[in-house]
Amino acid sequence: MGNVLDGIRVIEQGTFITGPAAGMLLADLGADVIKVEQPRTGDPFRAFKGGLYSPHYQTYNRNKRSIELDARDPADAQVFDSLIQSADVYIQNFRPGTAERLGAGEARLRDLNPGLVYCAISGFGQTGPAAGRPAYDTVAQAASGFLNLLVNPANPRVVGPAIADALTGFYAAYGILGALVERARSGRGKRVEVSMLEAMCHFNLDAFTHYLSEGEIMGPYSRPRVSQSYTLRCADGKWIALHMSSPEKFWRGLAAAIERPGIFDDARFATREGRIAHQEQLIELLGEAFATQPRDTWCRRLQERDVPHAPMYDTREALEDPQARHLQIEIEGVHPQRGPWKTVRSPVTFDGQRPTHVRPPPVLGEHNDEIRAALRNARA
């Protein structure tokens, strides 16, 4: 089975994305993740159209349990302490200093549980001149130099999903797993720190390496030009993506697919260096060719010639693709109150068994009684 973290308890006091994303990744691996939330309102990401079950919240909170606790209430504070004493991991993504004010600082929690892995996620780090600044996804993308690689200079606007938020959660989970392995050897819990700025700088490693090794400052078209990547509009208005890289066999296959075998006799396109230098002209030429046939025709032709390509799907189309269906990427669970619930499964498979079981995200305080009763029984 894929529950490789079965028996590991995680207390997640996270909001919005970074902390909940880290918790979800551990929950997907079988950890018992208990989400501690404010009474009545819960994680602010819950709020949606007068309810508390937004698509944003659902994205990062499956496979968890929810308990409402008010840190100012002595009885709730005692429940929180009992949870910490029972836990292996604690996750928070407050601004620096907030956890201490809430009674959830590392020193106090480690007194309760010396083996606790304490994970603190921040925007700009726990110390330094920017430590206290508010940070959201776009802020971290911009500060790390990553946003500069995404924005189209001809139409400068923020695009795409919350990459920095989600990736910071991934890096936090990665650090937690390392700390758990080390604790198995030493018996001691570690403090795991990750900031959105550090996470995105590391994710942007390719651009920094080009700068540090060659003095090159990359722009939004630098990598696609070198990798020879293309998005092309077809006759039916649908789009297709190519990633040609450098093997000549792919280029020969492309020339055959578009029925222009002499295209790479042109000195501008005859070599990899030429194609990089003249990509704008090649985009124009390929654009004219692909505009003559519908996307399905191009997919068939390219596949017959082993050319690296894919339809540029929207989210609905991506889930309907035969390969996606074969891999069971879309899965379904049933919430006891809300009924059937669908999501995309974890991509990690153990021993050939796909992780197709999922527990829908909890409603606020769904497990209040269950968790409290278990703690009372443990003390008895």
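Note that these values count all heavy atoms, side chains included, but never hydrogens, waters or copies made by symmetry. What you see is a predicted model, and the numbers here were worked out from it, not measured in a lab. Residue numbers count from 1 along this sequence.
The environment of His243 atom NE2 is dense: over 12 non-hydrogen atoms of other residues, nucleotides or ligands sit within 6.0 angstrom. More than 12 heavy-atom neighbours from other residues, nucleotides or ligands sit within 6.0 angstrom of CD on Gln126. Within a 6.0 Å radius of CZ in Arg379, more than 12 heavy atoms belonging to other residues, nucleotides or ligands are found. Within 6.0 Å of CZ in Arg359 there are more than 12 heavy atoms belonging to other residues, nucleotides or ligands. By the 6.0 Å contact criterion, CG on Asp369 is open, its count of non-hydrogen atoms from other residues, nucleotides or ligands being 12 or less. By the neighbour-count criterion of 12 heavy atoms within 6.0 Å, atom OH of Tyr211 is sparsely surrounded, having that number or fewer from other residues, nucleotides or ligands. Annotation for Leu319: atom CG counts as buried by contact number, over 12 foreign heavy atoms lying within 6.0 Å. Counting non-hydrogen atoms of other residues, nucleotides and ligands closer than 6.0 Å to CD of Glu248 gives a total above 12.
Contact detail for Pro360 and His335: the closest heavy-atom pair is CG-N, 3.6 Å. Contact between Ile163 and Met200 at its shortest, heavy atoms only, is CG2-CE, 4.2 Å. In this structure, Thr349 and Pro355 approach most closely via the heavy-atom pair OG1-CD, 4.0 Å. Here the shortest heavy-atom pairing between His326 and Arg354 reads O-NH1, 2.8 Å. Listed here is the closest heavy atom pair of Gly253 and Val307: C-CG2, 3.6 Å.
Taking CG of Leu282 as the reference point, atom CD1 of Ile263 lies at 6.0 Å (rounded to 0.5 Å). In this structure, CZ on Arg316 lies 12.0 Å from CG on Asp321, to the nearest 0.5 angstrom. The CD1 atom of Ile67 sits 11.0 Å away from atom CG of Leu364, with the distance rounded to the nearest 0.5 Å. Atom NZ of Lys249 and atom CZ of Arg252 lie 9.0 Å apart (nearest 0.5 Å). Here the NE2 atom belonging to His210 is positioned 11.0 Å from the CZ atom belonging to Arg223, to the nearest 0.5 angstrom. Here the CG-CZ distance, from Leu197 to Arg133, works out to 9.0 Å after rounding to the nearest 0.5 Å.
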Pairs of donor and acceptor atoms involving the side chains of residues 173-185, under 3.5 Å and at least two apart or interchain, shall be tabulated with distances.
from: Glu182; atom 1: OE1; to: Ser186; atom 2: OG; distance (Å): 3.1
from: Glu182; atom 1: OE2; to: Ser186; atom 2: OG; distance (Å): 3.2
from: Arg183; atom 1: NH1; to: Asp88; atom 2: OD1; distance (Å): 3.3
from: Arg183; atom 1: NH1; to: Gly115; atom 2: O; distance (Å): 3.0
from: Arg183; atom 1: NH2; to: Asp88; atom 2: OD1; distance (Å): 2.8

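Separation of the Phe16 and Phe45 ring centroids falls under the 6.0 Å cut-off. Between Phe146 and Phe203, a ring centre-to-centre spacing shorter than 6.0 Å is recorded. Ring to ring, His202 and Tyr171 are close: their centroids are under 6.0 angstrom apart.
Checking Glu37 against Ser66 by side-chain atom types alone, a donor-acceptor pair falls below 3.5 Å. Of the N and O atoms on the side chains of Glu198 and Ser195, at least one donor lies less than 3.5 Å from an acceptor on the other residue. Looking only at atom types and distance, the side chain of Asn113 has no donor-acceptor partner in the side chain of Gln85 under 3.5 Å away. One side chain, Arg101 or Thr98, offers a donor N or O that lies under 3.5 Å from an acceptor on the other.
Residue Val33 is not grouped with residue Ile84 when hydrophobic side chains (ILVMFWY) are merged at heavy-atom distances under 4.5 angstrom, including chains of intermediate members. Val117 and Leu26 end up in the same hydrophobic cluster when Ile, Leu, Val, Met, Phe, Trp and Tyr side chains are linked at under 4.5 Å. Hydrophobic clustering (side-chain heavy atoms under 4.5 Å, transitive across Ile, Leu, Val, Met, Phe, Trp, Tyr) groups Leu83 together with Leu109.
Between Tyr118 and Tyr90, the two ring planes are tilted [angle within 30° to 60°].
The shortest distance between side-chain heavy atoms of Asn152 and Tyr221 falls below 4.5 Å.
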